[in-house]
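As a basis for the values below, the full set of heavy atoms in this structure was taken, side chains included, without hydrogen atoms, waters or symmetry mates. Here is the naming used below: chain letters follow the sequence lines, and residue numbers restart at 1 for every chain. Given the structure is predicted, the values throughout are model-derived calculations rather than measurements.
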Protein chains: 2
Amino acid sequence: MGVVVKMSDVAHEAGVSKMTVSNVINGRPGASDDTRERVLAAVERLGYRVNTTARHLRAGRTGAIGLLVPHLDGPYYAHLAARLDTLARARGHHVIIERTGASREGELEAISPERVRPYDGLVFSPVQLETADLSGIGVPLVLLGERRLAGPFDHVMMDNVGGADLATTHLIERGSRRLALVGGRPDKGVDSMATLRTRGYRQAHSRAGLPVDEQRVVDADSFTTKDGYEAVMRLHREQVPFDGVVVLTDAAAMGVLRALADIGRRVPDDVQVVGFDNDVEGEYLVPRLTTIDPDNDSMAARIMELLFRRVEARAPLTGDAVEVVTSARLVVRESTRPRALA
Amino acid sequence: MGVVVKMSDVAHEAGVSKMTVSNVINGRPGASDDTRERVLAAVERLGYRVNTTARHLRAGRTGAIGLLVPHLDGPYYAHLAARLDTLARARGHHVIIERTGASREGELEAISPERVRPYDGLVFSPVQLETADLSGIGVPLVLLGERRLAGPFDHVMMDNVGGADLATTHLIERGSRRLALVGGRPDKGVDSMATLRTRGYRQAHSRAGLPVDEQRVVDADSFTTKDGYEAVMRLHREQVPFDGVVVLTDAAAMGVLRALADIGRRVPDDVQVVGFDNDVEGEYLVPRLTTIDPDNDSMAARIMELLFRRVEARAPLTGDAVEVVTSARLVVRESTRPRALA
DNA sequence: ATGAAAGCGCTAACAC
DNA sequence: GTGTTAGCGCTTTCAT
């Protein structure tokens, strides 16, 4: 247990040199099948595992990928972190999470040379910072999230517009004509989750040739369950007619469902509801929530692909920045009707 | 930017040897004040930072602390992870999060020699595993959470019993006599958050000489907002009288507050409510939630203290296991009455 | 009080 | 196809 097996032990056991062991372990060519087998057998027998610290020292790397996120309150970034870490491990790295607090100072500190030095690469979800703030960064960097920063940075974002369009179109196809939007927000030039999803809602309407009734577009502070509940209650109080609700998040959709129950409207018979995010809870609600799956897994995969392209090339900023928008998928469950109405 | 300053550069700049630089940097004795100053000046001027990878290689360590948790759904473990990471960094380490999925297989895999090897130490919140499963572990380990495993392991837990007692006693002192317990669970020998907090509720009653009316002890599936809401609705439907509610979690307390509003009972005038966890949201509820603060920060501090005691001694299991119970604190806000009634 | 040498475990570069 | 040499940046040991 206490004994640590090193490469030279394997070399000795297999009757070869350390270098040959290294070559075999790393799948490099230039070792006969015979030698390869003996080495692998020795590795197996001794239970050898490479010392990544030594490998990183030699390679001039640390093995750490920094994930800079505004907060860890919701499940979103926590899940993303877990997913990214799994992917990083497959490449001999690991993910360190740093909270920026969503403030300009917090973000500036997090990307300062001092703090950034220990990382081989960075995944950053910016809230306040602009392109200029990132100019001197000496580390491979992938941007994440709604904010589209011009510049030489790879950027991965979920398809907020397309997803909301998908959700809205689904409700229209299944017979709703007066669609409320819970969490809608006016488009003031700055992209955010809310403005982008609102754009998708409008886009679907215009494609279907349906007008948007502005009194049905209700803002919802922070997209919590409570906000969703109150948004519906407000519509009800003000007697705004609606037969479908597009909700900006599943959390808020939970509140929407409860509110509809409280005011005696059946889902999906009287009102259809569609959420966004595909939170696990949605599957256990009554009725089970139809929602948009932003496919966070493939988002995480794309992020790591882009990041390691640069990490491995040891080139933080080689001109060709890539922008990836991962495609959203509709998950139909019980809060929308099983098929189109006549 | 691209140039990396190493210790030999500093040594050259200060006109001393690497060894002297190392001594100064690490605060070791045996360097004249004069030399020390020159070295520090050189460090400053060149912007030198130690290469932790090299340091760890030399020390035979990795710098990684593994945090093995069942899941990352709620804010609880996410916050803990962030807190632990901050503390670990102060000691030149960092925290890697691993999800076990709360299953026996998941936990066994996570503590397998293969997976554990890359860590200098482990913080583990066990759900299924028993002492025997941890027997051969060759890494410093601190256990975390409700489950009290016999054995040579340090263990840190929050004071669930004391906290619930504190909450219950507070309600009694402020004049409630018929206290409901939302999330209560019968004590079947296996300790869990729910059974421990239930014990505190009973303990406070018996100390105050008050009987516990079992029909007021309501189970709540998974302590979500919805569970809390439904628990109160059930009490209401079954016409169980109550003038105070102890809720096992703040999340559930949110549902309790809404339910009380729905059935027209004023808080704290008709019914007092106290939660547990001191979630940030509690401060923004209407009324603001009185709650128990489990002091997660000092819990995190104790965990790291205990862990590094072993990491630095390079002794995973030196006989003297410590069990720490961090003390809970009452946070009085608006959901309980400002002072004792006559 | 300070320094020189050796080596942590691995791999790039160059023999053989 | 395989081995040898050298060195990544740091710290332990032993001299001075």
Side-chain angles (χ1 to χ4, degrees), chain A residues 2-43 46-64 91-93 117-118 120 311-314, chain B residues 2-40 42-43 46-64 91-93 117-118 120 311-312 314:
Chain A
V3 185
V4 177
V5 181
K6 48 195 167 183
M7 197 178 268
S8 60
D9 298 332
V10 177
H12 184 251
E13 174 82 7
V16 297
S17 77
K18 281 198 298 177
M19 208 45 234
T20 300
V21 177
S22 175
N23 286 332
V24 171
I25 297 269
N26 293 289
R28 281 187 284 258
S32 69
D33 292 356
D34 182 45
T35 313
R36 174 181 265 74
E37 261 176 49
R38 262 186 309 138
V39 169
L40 291 177
V43 165
L46 270 44
Y48 168 77
R49 301 274 296 160
V50 289
N51 177 328
T52 44
T53 304
R55 177 183 284 182
H56 285 308
L57 173 62
R58 184 66 247 244
R61 301 220 190 91
T62 64
R91 304 178 188 246
H93 287 247
R117 177 172 290 152
D120 290 343
V311 170
E312 266 147 30
R314 292 167 184 287
Chain B
V3 185
V4 177
V5 181
K6 47 195 167 185
M7 197 178 270
S8 59
D9 297 332
V10 177
H12 184 251
E13 175 83 8
V16 297
S17 77
K18 279 197 299 176
M19 212 42 240
T20 300
V21 176
S22 175
N23 286 332
V24 170
I25 297 267
N26 293 289
R28 281 186 285 256
S32 68
D33 291 356
D34 182 47
T35 314
R36 178 187 269 34
E37 260 176 47
R38 261 187 309 136
V39 169
L40 291 177
V43 165
L46 271 45
Y48 169 76
R49 300 274 296 159
V50 290
N51 178 328
T52 44
T53 304
R55 201 213 284 268
H56 285 309
L57 173 62
R58 185 65 249 236
R61 300 220 191 91
T62 64
R91 304 175 187 249
H93 287 247
R117 176 171 291 152
D120 290 342
V311 170
E312 266 147 29
R314 293 167 184 287

Send over the distance from [X] [atom1] to [N] [atom2], rounded to a whole Å.
X: Met19(A); N: dT11(C); atom1: CE; atom2: P; result: 7 Å
X: Arg28(A); N: dG3(D); atom1: CZ; atom2: C1'; result: 14 Å
X: Arg58(B); N: dT11(D); atom1: CZ; atom2: C1'; result: 5 Å
X: His56(A); N: dG9(C); atom1: NE2; atom2: P; result: 16 Å
X: Arg38(A); N: dT2(D); atom1: CZ; atom2: C1'; result: 11 Å
X: Met7(B); N: dG3(C); atom1: CE; atom2: C1'; result: 14 Å
X: Leu57(A); N: dA12(C); atom1: CG; atom2: C1'; result: 14 Å
X: Asn23(B); N: dA4(C); atom1: CG; atom2: P; result: 14 Å

Worksheet item: Measuring from Arg58(A):CZ to Thr53(A):OG1, what's the distance to the nearest 0.5 Å?
Response: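 Output value for this atom pair is 15.5 Å.
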Worksheet item: Roughly how far, to the nearest 0.5 Å, is CG of Leu57(B) from OG1 of Thr52(B)?
Response: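 The CG atom of Leu57(B) is 11.5 Å from OG1 of Thr52(B), to the nearest 0.5 Å.
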Worksheet item: Hey, are the side chains of Leu40(A) and Glu37(A) touching, using non-hydrogen atoms and a 4.5 Å cut-off?
Response: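 Of all side-chain heavy-atom pairs linking Glu37(A) with Leu40(A), none is under 4.5 Å.
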Worksheet entry | First of Ala59(B) and Gly30(B) reached from the 5' end of DNA chain C, by closest nucleotide |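 Nearest nucleotide further toward 5': that of Gly30(B).
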Taking OP1 and OP2 of [N], is either one under 4.0 Å from a side-chain nitrogen or oxygen of [X]?
X: Ser22(A); N: dT11(C); answer: yes
X: Ser17(A); N: dT2(D); answer: no
X: Thr35(A); N: dT2(D); answer: yes
X: Asn51(A); N: dC8(C); answer: no
X: Tyr48(A); N: dC10(C); answer: yes

Practice prompt. Scan Gly60(B) against the nucleic acid and name what it touches under 4.0 Å (heavy atoms): base, sugar-phosphate only, or nothing.
Written response: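 It contacts nothing in the nucleic acid.
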Worksheet item: Looking for any heavy atom pair under 4.0 Å, which part of the strands does Thr53(A) touch: base, sugar-phosphate only, or nothing?
Response: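 Nothing, no heavy atom under 4.0 Å.
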Practice prompt. Spell out, as yes or no, whether a donor-acceptor pair under 3.5 Å connects the side chain of His56(B) to the backbone of Gly92(B).
Written response: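 Answer holds: yes.
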Nearest to the side chain of [X] - [options]?
X: Ser32(A); options: dT2(D), dT12(D), dG3(D); value: dT2(D)
X: Arg55(A); options: dT11(D), dC10(C), dG9(C); value: dC10(C)
X: Lys18(B); options: dA1(C), dA4(C), dC10(D); value: dC10(D)

Item to complete: Quick one: do Arg28(B) and Ser22(B) satisfy side chain to side chain donor-acceptor pair (under 3.5 Å)? Show the steps, please.
Response: CA-CA 8 Å; Arg28(B) 281 186 285 256; Ser22(B) 175; 2.7 Å; yes
